[in-house]
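In what follows, every heavy atom counts, from backbone to side chain, and hydrogens, waters and symmetry copies are set aside.
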Amino acid sequence: MKTKNIITWIIIDVVILGVAILIGKPASGPSQKANINSLGENGVLFSNEPSYDFGTISMAAGKVSRTFQIKNSGVEPITISQIYTSCMCTSATLILSEKRTGPFGMPGHGFLPKINKIIEPNGEASLEVVFDPAAHGPAGVGPIDRVVYLENN
């Protein structure tokens, strides 16, 4: 049985570049948590777990998933406009107020709609990420990284 060794395969790289451009100033003071990238005071998305290592997984056992919690720690709402992944073997679904939006995959492998989902200040959402180890066939073994992108205002 062939296995894949997944070393930090997913990095939630919350795309807050749009926030940085709109706000134009960094947050004052140090971050309270080492894994929070804060670029502005008005709207800040973060996850306490920005990456996850599945370790060695079996291609034959099927898909694996992990749910990440994201939070708007700012004082203004954040609109998530799009979600996409770095590879067709990975998909992501946004769960906000118990409503599921997605799954979303890699650009160029299907339509990626604008979703315009709002996370209010101090609001939370979940991001369910699914990885299919068999997507690349028997040649797709070894360590890999996969990324989920969230575009926002």
(request) May I ask you to decide if Ile119's main-chain N or O and Asn72's side chain share a donor-acceptor pair within less than 3.5 Å? (result) yes
(message) For Ser81, is there any backbone N or O sitting under 3.5 Å from a side-chain donor or acceptor partner on Thr79?
(response) no
Do [X] and [Y] have side chains that approach each other closer than 4.5 Å (heavy atoms only, starting at C-beta)?
| X | Y | result |
| --- | --- | --- |
| Ile78 | Ile118 | no |
| Ile80 | Leu45 | yes |
| Tyr149 | Ser86 | yes |
| Met59 | Val141 | yes |
| Val129 | Thr67 | no |
| Phe68 | Val148 | no |
| Ser65 | Phe131 | no |
| Thr90 | Val147 | no |

(request) Any chance you could measure Asn152, atom CG, to Gln82, atom CD, to the nearest 0.5 Å? (result) 11.5 Å
Is there a path of hydrophobic side-chain contacts, each under 4.5 Å between heavy atoms of I, L, V, M, F, W or Y residues, that connects [X] with [Y]?
| X | Y | answer |
| --- | --- | --- |
| Ile83 | Ile95 | no |
| Met106 | Leu127 | no |
| Met88 | Phe104 | no |

So which atom in [X] and which in [Y] form the shortest heavy-atom distance, rounded to 0.1 Å?
| X | Y | value |
| --- | --- | --- |
| Ile57 | Pro133 | CD1-CB, 3.9 Å |
| Pro77 | Asn153 | O-ND2, 3.9 Å |
| Gly105 | Leu112 | O-CD2, 3.7 Å |
| Asp53 | Gly55 | OD1-N, 2.6 Å |
| Pro50 | Ser47 | CD-O, 3.8 Å |

(message) Tell me every residue that passes side-chain hydrogen bond (donor to acceptor under 3.5 Å, both in side chains) with Gln69, counting only those two or more places apart in sequence or in another chain.
(response) Ser126
(message) Tell me which pairs pass side-chain hydrogen bond (donor to acceptor under 3.5 Å, both in side chains) where either residue lies in residues 91-119, with sequence neighbours left out.
(response) Arg100-Glu128
(request) Decide whether Tyr84 and Glu151 meet the rule of one side-chain donor and one side-chain acceptor closer than 3.5 Å. (result) yes
